[in-house]
Every structure is written in structure tokens, then in C-alpha cells.
Amino acid sequence: MGHYHKAITIFLICSSFLYPPTNGYIKIKLKKLKPNHPSRVMSLTESSHSVRARGEINPNEPNGSDIVLLKNFMDTQYYGEIGIGTPPQMFTVVYDTGSSNLWVPSSKCFFSMSCYVHPKYSSRMSKTYMRNGQYAEISYGSGSISGFFSKDTVKVGDLVIKEQEFIEATTEPGVAFMSGKFDGILGLGFKEIYVGNATPVWDNMVQQGLVKDPVFSFWLNRDANEEKGGEIVFGGVDPDHYKGNHTFVPITQKGYWQFDLDDVLINGKSTGYCQNGCSAIADSGTSLIAGPTSVITEINKAIGVETFAGQLQSKSEELSDRSLGTMGVSGVDCANVSSMPNISFAIGGKEFVLSPHEYLVKVGEDDQASCVSGFMPLDIPPPHGPIWILGDVFMGCYHTIFDYGNLRVGFAKAA
Ligand SMILES: *[C@@H]1O[C@H](CO)[C@@H](O)[C@H](O)[C@H]1NC(C)=O
Ligand SMILES: *[C@@H]1O[C@H](CO)[C@@H](O)[C@H](O)[C@H]1NC(C)=O
Ligand SMILES: *[C@@H]1O[C@H](CO)[C@@H](O)[C@H](O)[C@H]1NC(C)=O
Ligand SMILES: *[C@@H]1O[C@H](CO)[C@@H](O)[C@H](O)[C@H]1NC(C)=O
């Protein structure tokens, strides 16, 4: 064959109140130019067991806050460990600020391949399990799940949440979640977008008095080779992972962590797109930055995407026509980094700059790396849209405080 294939999986895990669900995640194979390079496919279907995260506890943390360490897979998936039940059954989850439910695969999941490559929750093995049984179904940008509600003790880091509702997933159709390094999703969005009639994990943490301050904060490492992939502090902020002060903006609509975006700039020059106001959400479950096609096209053109668009092959059997039409991931030549522009977002009167090194996602090793633009087009129709989704590419660069008590988000340069 002689082709040099590499693949990257881009997740879009905000819940799909925003837009109709697509047929799955986005997986693009990048075909390298050099034909005689050894074949090296990033396996995306290997068992997740080998990369289970360790939910380490920092003994120096004062009571009322807790640090959860995250693993970083290729700068596109960040996940950490939780325990459900007594004794705790361990799962890795994406801590997703773009949705509000918690789900893990169920031992009663028999017909989805995905359930066979991930650990499954068994209520029979838990002394604290409480039955509910109500049917539940959730759609994300990257696929859907269905199952039923159960209640049990959930352990996040050192915090023990009692009688937490969660979904035992019995179907995870398609390949979307099979290729994930994570087993389930723990939503950190507001109750307003919770599917079902119960209380999200974070609300319970606050209500059960487990956190001193009603805030949590994210640091995502953008060096996928480092041991520490990132961390979430529940109940506080880790001063080791940001520089300067945070710029705070109010939440404009409870549901997602949604706020006003004042401008989008290319090399300091306004695109003019936000003259009549723009809205954005901070979404840890989405790998890239997604925005309206018109602006994203302009940005990607400035980055130099167009030249290399021809090298992209999408795996069409995994992408519905609709997702092909509304989503796209674009490859660029890594060698051109030095000539690429800065892209910035004006938020709360401050410019948050992303340099090419910060907005490109690298696939593969240094001199043979392929690069993917961190900007992807996604048109969300009114009334919710248009809306920008500032995913891991942005949050990796800017440490983010989710201030639930004061209904605001804050960004500061990550360190
Ligand atoms: C934390 O709580 C434990 C009991 O839950 C107590 O023994 C300990 O002194 C507390 N530590 C701090 C720093 O407040
Ligand atoms: C951060 O804010 C404090 C006041 O709240 C101020 O004294 C300090 O100079 C600020 N630091 C920076 C780096 O702007
Ligand atoms: C990328 O770099 C090559 C040479 O290194 C150059 O010919 C080409 O014009 C560059 N493309 C862009 C979009 O800057
Ligand atoms: C891009 O931003 C960096 C700082 O983040 C700055 O040093 C550099 O001069 C900027 N480049 C351009 C072309 O504005």
C-alpha cells in the first residue's frame, strides 16, 4: 500500500439540545505525502483498560475541595476516573461541561459492541445500589446512548456523593463511543439541560456540602506526552496552573456554560462577525473550537487549510451525510506554522490569543507529524445558534473557572 495513515478522533460531546444529533464522532484519516513511510495507524479501538486513569488524591488539599487528575489522549480526549457503588466500581469518564448527565455502560448492555470494550456497572455487586429503572436516552454531537436510571454512591476523587442518579447505558449504537478512551460521560452543565428528573453530580456535590466554594476549575495539558494530562479542582482553583488574573464574564443562559463573545480576530484584525453579538460556550467535552461556517472558513483560509484539503479522506461509512455537510476537520501543513496567523477571541474586554502552536492539533511525531486545524465549522440553527463552542483547544490554552455561585466563567492563561 505504501500509504502513511494516521487517524485522529475528534469528539463533540455537548448534548444535542443545540442541534440535531449526527451519526457519530468525526474521524478523519490523514494521508501523508511521503509514500514509503511505515504504516502507522493510531488504533482507536483498542481496549481502554490499558490507559485507565488514576484518580489520585492530593493529601495536602484542604477539606472542601478536591483535585481530580485527568489523562490526555492526543490532546483530543481528556478523561478521569470515578467510582460507582460500594465497593466502588471504577470507570473513566469525560468531565463534560457541555452536558449534565452521568452515564456508564451497564452490565445489562448486551447488544452494543461498545459495551464489550469498556467496563460495565453491575448493580448486583453494589451494597448501596437503589433501583429506579426509568428509561433514558441522550443524544450528543458524537452519538447517542440509551438505558435506564439507577441510584448509587459516586466517588469523584476523594468526594463521595450519596444517592446519585445516573444512567446505566444499555445501548451505545454505532462506533462513536467504542473508539473513545473513556467509558462514560460525567456532565458538568447546568440542571436546565439535564435529561430526566433528577440532580446532576455537581449540584449534589454542592447540596451535600462536599465543596467549600461552589466553583470548579479546569486545567488541560496541551502536551499529550506528559504524564499529567490535566486536572479539575472541585471546590476551588489550583494557582499552579494559571498566570495572572482571570477575566470573568457572566453566564447569559443557564444550561451550557454560555457567555457573550465580543469579537473574533485574525492577527489582531476583527472579522466583524460579532458586531451584532456572538454567543459561546466553554465545553470541555469538545475537542476543537467550533463556529459558524462563514467565519471558520475565513480563519482556515488564513491558516492555509485550503491548499491541503485534498489530502483529507473521511471515512464515509462513519459519517452521515448530514455530519459531512455540517462538520469538517481540516488538515494543514505543519511546516507552515511560522507563517500562520494568531487567532483571538475577545471576551469581557480582553483578547484571548491563540498562536498557531496552540490552535493546531498535532498527529504523530515531530518531523512526520500531520497537523489539523483546531477550527471546525458547525452551524447551529436559531433559536440556540449561531453559537461558538470553545472546546479543548481553547480551554487547554486558557485555564477556566466555572463559578457556579456567581454564575460566571473566568479565563486566565494556563501554566
Ligand atoms: C478535614 O476533615 C477531617 C474529618 O473529616 C478532619 O479530621 C481534618 O482535621 C480536616 N482537615 C482540615 C485541614 O480541615
Ligand atoms: C490581579 O488582581 C489584583 C487585584 O485583585 C491586582 O493587585 C494584581 O496586580 C493583578 N495581577 C495581574 C497580573 O494583573
Ligand atoms: C507553506 O509553505 C510552503 C513552503 O514551505 C509555501 O510554498 C506555501 O506557500 C506555504 N503555504 C501557505 C499557505 O503559507
Ligand atoms: C502572536 O501572538 C504572540 C503572543 O501570543 C506574539 O508574540 C506574536 O507577535 C503574535 N504574532 C502576530 C503576527 O501578531
Side-chain angles (χ1 to χ4, degrees), residues 62 65 72 75 212-224 226 230 233 235-251 259 261-274 278 280 282 287-289 291 295-308 330 332-362 366 369 371-376 388 390-415:
S65 72
N72 171 5
D75 286 343
K212 199 171 70 200
D213 295 322
V215 302
F216 57 89
S217 55
F218 268 76
W219 168 66
L220 304 179
N221 197 343
R222 292 308 279 176
D223 185 346
E226 275 181 29
V233 183
V237 175
D238 183 347
D240 284 350
H241 286 302
Y242 63 89
K243 286 185 286 217
N245 292 330
H246 287 79
T247 298
F248 285 95
V249 282
I251 297 306
F259 53 92
L261 174 63
D262 303 328
D263 204 355
V264 180
L265 306 97
I266 302 177
N267 261 347
K269 193 167 166 287
S270 172
T271 54
Y273 177 77
C274 293
C278 279
S287 308
L288 306 181
I289 293 175
V295 206
I296 293 293
T297 304
E298 191 180 332
I299 290 172
N300 278 341
K301 216 180 251 179
I303 293 172
V305 158
E306 221 181 30
T307 331
F308 299 93
S330 314
V332 291
D333 190 344
C334 306
N336 284 27
V337 162
S338 59
S339 61
M340 291 179 195
N342 285 343
I343 306 295
S344 31
F345 294 88
I347 300 165
K350 198 172 175 292
E351 266 184 40
F352 292 86
V353 182
L354 297 174
S355 70
H357 284 291
E358 292 164 332
Y359 63 64
L360 293 182
V361 179
K362 265 195 179 177
D366 281 346
C371 284
V372 167
S373 165
F375 298 95
M376 113 184 155
W388 286 77
L390 304 187
D392 301 339
V393 165
F394 187 85
M395 286 178 60
C397 197
Y398 294 100
H399 179 273
T400 309
I401 298 180
F402 295 85
D403 186 344
Y404 183 83
N406 297 306
L407 288 179
R408 57 182 192 164
V409 279
F411 302 103
K413 189 75 187 168

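Counting convention: from 1, in listed order, for ligands and their atoms alike. Quick note: residue numbers are just sequence positions, from 1.
Of the protein's heavy atoms, Asn342 ND2, 4.8 Å lies nearest to atom 9 (O) of ligand 4. What sits closest to atom 13 (C) of ligand 2 on the protein, heavy atoms only, is Gly244 CA, 4.0 Å. For atom 4 (C) of ligand 2, the closest heavy atom belonging to the protein is Asn245 ND2, 4.6 Å.
Within the model, atoms CZ of Phe345 and CD of Glu351 stand 11.5 Å from one another, a figure rounded to the nearest 0.5 Å.
Residue nearest to atom 5 (O) of ligand 4, selected from Val353, Asn267, Leu265, Leu354: Val353 (by heavy-atom distance).
A cation-pi arrangement, defined by a distance under 6.0 Å to the six-membered ring centre and an angle within 45 degrees of its axis, is absent between Lys413 and Tyr242.
Side-chain atoms of Ser355 never come within 3.5 Å of backbone atoms of Val353 as a donor-acceptor pair (strictly under, hydrogens ignored). Looking at Asn267, its side chain never comes within 3.5 Å of a backbone N or O of Lys269 through a donor-acceptor pair. A donor-acceptor pair is defined here as one N or O able to donate and one able to accept, closer than 3.5 Å; such a pair exists between the side chain of Thr271 and the backbone of Val264.
Distances from atom 7 (O) of ligand 2 to the protein include no heavy-atom value under 4.0 Å. Distance check on atom 11 (N) of ligand 4: some protein heavy atom falls below the 4.0 Å cut-off. Put simply, atom 2 (O) of ligand 2 has protein non-hydrogen atoms near it, under 4.0 Å away.
Ring geometry for Phe402 against Phe216 counts as parallel: the plane angle stays under 30°, on a 0 to 90° scale with 60° as the upper cut.
Distances between N or O atoms of Ser355 and those of ligand 4 include no value under 3.5 Å.
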